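Working notes, beginning with the structure itself.
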Amino acid sequence: MIKKIKGFADLLPPVSNTYAFMEQTAARVFSLYGYDELRLPVLERTELFARGIGEETDVVQKEMYTFPDRKGRSLTMRPEATAGAVRAYIENKLYADAGSVTKLYTYGPMFRYERPQKGRMRQFHQIDVEAFGSPAAILDAEVILMLGHFLTEIGLDKLSFEINSLGCRDCRPIYLKTLADFLATLPEEELCEDCRRRKASNPLRVLDCKVPRCKELTADAPQLSEHCCSGCKDHFAAVLDPINASGLAYTINPRLVRGLDYYTRTTFEVVSGDIGSQSSVAGGGRYDGLISALEGPDLPGVGFACGMERLALLLQDIKPVQPDFFFVVLDGSGLSASLELAQTLRRAGLSGVTALEAKSAKSQFRQADKTNARFCLILGESECESRTVAVKNMESGQQETIPMADLADYLNAR
RNA sequence: GUGGCUGUAGCUCAGUUGGUAGAGCACCUGGUUGUGGCCCAGGUGGCCGUGGGUUCAAGUCCCAUCAGUCACCCCA
């Protein structure tokens, strides 16, 4: 038997209905904020991600599905949506007639070659939002509030928001130097193995280490909020003001680090304690240098992505829609008539299914019961002859004989 | 890439110190020759993940392998 490959999943009902619900809710909520849908390719040139996400990131270095096409060009299955969205924004010159801001959302599968575990698949799904072209702090705040609005609409209003600022292209390098100097003063042998490596490769990550001893050692580490430039300080305050006014609960997490190189200034994350170790259900932030780094105009951007697998872990699975009617046929003569009648009812807006073979009445009624149909429509020999249908209300058990011609009106009235 | 745990019916799982494979749910049929749910009776369904080894005998013990899962790491 051919089986699916590791880290890839079939999304079956009722889980698939939950995904549809998330997508539909996202589309509805985001449109309230002026966002339009963007649909992007799943494959891009490898270089897009290498330059967009950062050559040194784990995602690029060891997690991408990369392979040559038939002409030897290196292609990559997208590991996230932002780089592709920025590429589309530049390539289609959406900045030309957009006024001050271009608001887009997209959703779909992403691919990362990682060891699967709870909340982490190799093919996973994100709902992604990008707002290009404006440096306004109020836009950062709006994006965060919109994420909160969306989560509330899908029934998740108890999640924790964490917000931080990572500084800008000017002040972050200075801070990183300060941090590196501080880390160099720590006793090397007392740091965990990972942190010894991260000290050089990704110093911000050391602040995020979960090992207790590392936490102690870095307790007095210099904080970016004290070392960033006045522009970044003002920006961060201007982001928090409207969020405070909105009543959205959040914490400032000065150790909140994003793994993708492009983030600047505002970053945020939504975490849940109920879904295992992969606790981050959404994350995002501002990326003011990304568009120019991909050879577009020097315009800023802000956005976020939600992990649909992780949200689905928090949502009850939504049941498939229930049909209104089920056709019971008692002999072969009713079979073709039942389909014809069912088509009439469907065109009249009623949903339902027909029996596909004339098995015993008991068996057909059992089948009808399983579909949760509200009515059974019974077509036997006598009904076919008199051009009527026996309609049984499955809840009350009562049954009436209705002329075929009146069937749609009769059912629609109930 | 590293580690832990688990692989027995469609699903959830029992299976004693090794002795020829079980339950519940689901499914099918009947109890009502044209009427569901509840109940009752019966039934279908397993290379016990795969390969090798030990043994008179392996679901059970040993080795390997594959798969799943959780965690590290990383991220949404």
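In what follows, every chain begins at residue 1, and chains take the letters A, B, ... in the order their sequences are listed. Quick caveat, the model's predicted, so the values are computed rather than measured.
Distance noted for atom C1' between B:C73 and B:U17: 43 Å (whole Å). Atom C1' of B:C25 sits at a distance of 14 Å from the matching atom of B:A14, rounded to the whole Å. For the C1' atom pair drawn from B:U29 and B:C13, the interatomic distance equals 27 Å after rounding to whole Å. Of the P atoms belonging to B:G36 and B:G30, the separation is 12 Å, rounded to the nearest Å.
Using a 4.0 Å heavy-atom distance criterion, A:Lys362 is classed as a base contact. Among the atoms of the strands shown, base atoms are found under 4.0 Å from some heavy atom of A:Ile378. At the heavy-atom level, A:Phe124 lies under 4.0 Å from base atoms of the strands shown.
Across all strands shown, nothing is found opposite B:A21 as a Watson-Crick or G-U wobble partner with both distances under 3.5 Å. Base-pair partner of B:U54: not found among the strands shown (Watson-Crick or G-U wobble, both distances under 3.5 Å). Remark: B:C48 base-pairs with no nucleotide; criterion is Watson-Crick or G-U wobble with both hydrogen-bond distances under 3.5 Å. Across all strands shown, B:A76 forms no Watson-Crick or G-U wobble pair with both distances under 3.5 Å. Under the Watson-Crick and G-U wobble criteria, each requiring two contacts below 3.5 Å, nucleotide B:G42 is paired to B:C28. Across all strands shown, B:G36 forms no Watson-Crick or G-U wobble pair with both key distances under 3.5 Å.
The aromatic rings of A:Phe30 and A:Phe150 are tilted relative to each other, their planes meeting at an angle between 30° and 60°.
With RNA chain B read from its 5' end, the first of the two nearest nucleotides for A:Ala361 and A:Glu269 is the one closest to A:Ala361. If you find the closest nucleotide of RNA chain B to A:Met308 and to A:Met394, the one lying nearer the 5' end belongs to A:Met394.
Not a single donor-acceptor contact under 3.5 angstrom links the side-chain atoms of A:Ser360 to the base of B:G34. Put simply, the side chain of A:Gln399 and the base of B:U35 share a donor and an acceptor less than 3.5 Å apart. Remark: the A:Lys392 side chain and the B:G36 base include a donor-acceptor N/O pair separated by less than 3.5 Å. Taking only distance into account, the side chain of A:Arg115 never meets the base of B:C73 through a donor-acceptor pair shorter than 3.5 Å. Looking at A:Arg120, its side chain has no donor and acceptor atom pair within 3.5 Å of the base of B:C70. A donor N or O paired with an acceptor N or O is found under 3.5 Å between the base of B:G36 and the side-chain atoms of A:Asp369.
Both tests pass for A:Arg122 against the ring of A:Tyr113: distance under 6.0 Å to the centre and angle within 45° of the axis.
Other residues, nucleotides and ligands contribute only 12 or fewer heavy atoms inside 6.0 Å of the CD atom of A:Glu395.
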